[in-house]
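Everything on this sheet refers to the single structure shown next.
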2 protein chains.
Amino acid sequence: MENSVTPAEERILEAAKKVFHCKGYDGARMQEIADEAGVNKSLVHYYYRSKDNLFEAVFEAAFSKIMGRLNEIFFSELDITTKIETFVGYYVTFLSQNSYLPLFILNGLYEKPGQIKKMMEKNHLSPDRLMEQIRVQVKNELNLDIDPMHIYINILSLSVFPVIAKPLIQVIFGLSNDRLEKFYEERKTEVPEFILKALKGYEDNQNR
Amino acid sequence: MENSVTPAEERILEAAKKVFHCKGYDGARMQEIADEAGVNKSLVHYYYRSKDNLFEAVFEAAFSKIMGRLNEIFFSELDITTKIETFVGYYVTFLSQNSYLPLFILNGLYEKPGQIKKMMEKNHLSPDRLMEQIRVQVKNELNLDIDPMHIYINILSLSVFPVIAKPLIQVIFGLSNDRLEKFYEERKTEVPEFILKALKGYEDNQNR
DNA sequence: ATTACCTTTGACCAGTTGGTTAAACCAAAT
DNA sequence: ATTTGGTTTAACCAACTGGTCAAAGGTAAT
């Protein structure tokens with residue numbers, strides 16, 4: 001399509017992202033990827049030997065893109081309140097601009113639950129470190145002894161699901177595109193508020 | 001596979017559900033569905049003319065199964081607290097037992113956002129009625145003037161996402177299958193508690 | 001000009017896919 | 001016994017799919 005001077009290999013990867021993200025592994029066609037990159041189909045096989053290889057490259061890029069930033073925020077020096085606000089704000093924005101990414105990743109994880117650990121390591125993601133990080137911060141700043149896992153999943157759920165469920169929400173509530181965008185904009189403040197109010201609730205209970 | 005006495009057409013539909021749910025539209029093969037039903041491939045085309053038709057039948061069944069119960073609970077006579085507890089309890093259980101369903105439906109909605117409205121009507125689901133139902137109950141029982149849409153989506157997010165993201169959670173936190181099951185069990189009480197604490201937070205602010 | 005090396009292509013292939021068709025099967029009605 | 005109607009099957013097909021391969025293009029060094 002574009003006649004930029006980008007080397008072929010990179011154009012192929014970009015084309016592959018576009019196609020795989022939208023149509024998934026089974027729905028994607030090597031021919032379509034080649035066309036999208038403005039390149040002969042054989043060249044795709046020249047750089048990436050097989051469809052599997054190409055898909056893996058695309059998947060890894062997507063996974064890193066999403067998890068890298070997540071990591072960055074959660075291990076930053078911010079206090080827990082700002083951290084939650086930053087996290088939600090960033091993800092609601094980023095995901096609603098790349099609304100195909102999260103579902104693509106989830107589907108990929110279902111198909112290949114095997115090779116993920118090496119991707120975790122590549123992104124310097126350790127389950128234990130993450131859990132400990134959250135636990136300590138919740139304990140020190142909020143003085144709460146609650147399971148960090150549920151909190152973390154709750155934050156993730158409230159940020160990610162509404163983006164994944166875009167078409168469902170649009171249908172259930174009958175929203176126009178404009179109204180939907182406004183809805184996501186609202187969530188950037190609504191979600192942190194909701195979470196912090198809940199956490200405050202635990203605090204009150206505990207210190208009674 | 002099974003040699004039950006169920007009539008062929010029904011066996012085909014059941015087989016189609018199994019295959020489509022796990023592999024999606026593009027990944028599913030008519031031959032595999034036929035094999036799973038213990039039937040010749042031509043018979044599948046005899047009852048459902050095309051793959052598209054068969055998929056539509058499967059999708060509609062899945063959508064009704066999930067949305068029907070959702071509707072039932074939200075329009076029941078329960079007070080808002082019990083309603084949330086019932087809803088979360090039911091969905092966490094149901095979805096973790098049918099963990100392929102929600103992702104299947106979300107994928108389907110992305111591919112065919114068109115024909116959903118008739119399904120909504122078939123399930124007697126009206127956006128306005130649902131919104132009004134929540135708004136009134138939140139207003140009357142909790143004395144809160146907050147946007148029912150965000151609350152509703154929050155409840156849905158906290159119930160559905162952790163199930164969809166099963167493989168992701170297992171990887172991020174390095175959980176065994178046993179520990180994961182316990183995690184879902186915990187959520188049946190943790191999630192309603194989290195939501196109600198948040199709502200209580202709004203209450204305190206407003207009545208100050 | 002020739003070599004050498006990487007890139008790019010068109011032609012081709014074996015296996016698979018959704019779908020068709022004509023014939024066989026089978027139970028109930030005549 | 002034969003007809004009738006819906007059910008089930010085997011054989012077949014055209015289109016498509018991921019992948020291969022030998023040849024052509026291009027470019028820098030010799």
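Convention: sequence-line order gives letters A, B, ...; per-chain numbering from 1. Note that the structure is predicted; figures quoted are calculated from it, not measured.
The salt bridge (charged side-chain N to carboxylate O under 4.0 Å, His left out) test with Glu36(A) singles out one residue from Arg29(A), Lys17(A), Lys18(A), and that residue is Lys18(A).
Summarising the geometry, the separation between CD on Glu10(A) and P on dT7(C) is reported as 15 Å, rounded to the nearest angstrom. In this structure, Glu32(A) places its CD atom 14 Å from C1' of dC16(D), rounding to the nearest Å.
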At a cut-off of 3.5 Å, list every protein nitrogen or oxygen paired with a nitrogen or oxygen from nucleotides 23-28 of chain D, distance to 0.1 Å.
none

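Remark: the backbone N or O of Leu78(A) is paired with a side-chain donor or acceptor of Gln137(A) at under 3.5 angstrom. Remark: the backbone N or O of Phe94(A) is paired with a side-chain donor or acceptor of Asn98(A) at under 3.5 angstrom.
Counted by atom type alone, Arg187(A) and Asn154(B) present one or more donor-acceptor pairs between their side chains at under 3.5 Å. Between Thr82(A) and Asp79(A), the side chains place a donor N or O and an acceptor N or O closer than 3.5 Å (distance only, hydrogens not considered). Counted by atom type alone, Thr93(A) and Lys188(A) present one or more donor-acceptor pairs between their side chains at under 3.5 Å.
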Criterion ring pair (Phe, Tyr, Trp, His ring centres under 6.0 Å) on Phe173(B) and Tyr152(A), from CA distance to verdict: CA-CA 10 Å; Phe173(B) 294 119; Tyr152(A) 184 72; 5.5 Å; yes

Chi angles and distances behind the salt bridge (charged side-chain N to carboxylate O under 4.0 Å, His left out) call for Arg179(B), Glu186(B): CA-CA 10 Å; Arg179(B) 187 64 192 83; Glu186(B) 286 164 16; 3.8 Å; yes

Residues Glu193(B), Lys197(B); criterion salt bridge (charged side-chain N to carboxylate O under 4.0 Å, His left out); working and verdict: CA-CA 6 Å; Glu193(B) 196 181 345; Lys197(B) 275 187 175 19; 3.5 Å; yes

Worked verdict on Phe55(A) versus Phe20(A) for ring pair (Phe, Tyr, Trp, His ring centres under 6.0 Å): CA-CA 7 Å; Phe55(A) 180 80; Phe20(A) 275 131; 5.0 Å; yes

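For the helix from dA1(C)-dT30(D) to dT30(C)-dA1(D), the end axes, each set by the C1' atoms of five terminal pairs, are bent relative to each other by 20° (nearest 10°).
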Base-contact (B) and sugar-phosphate-only (S) positions in nucleotides 8-19 of chain C, heavy-atom cut-off under 4.0 Å, - elsewhere: BBBB-----SBB

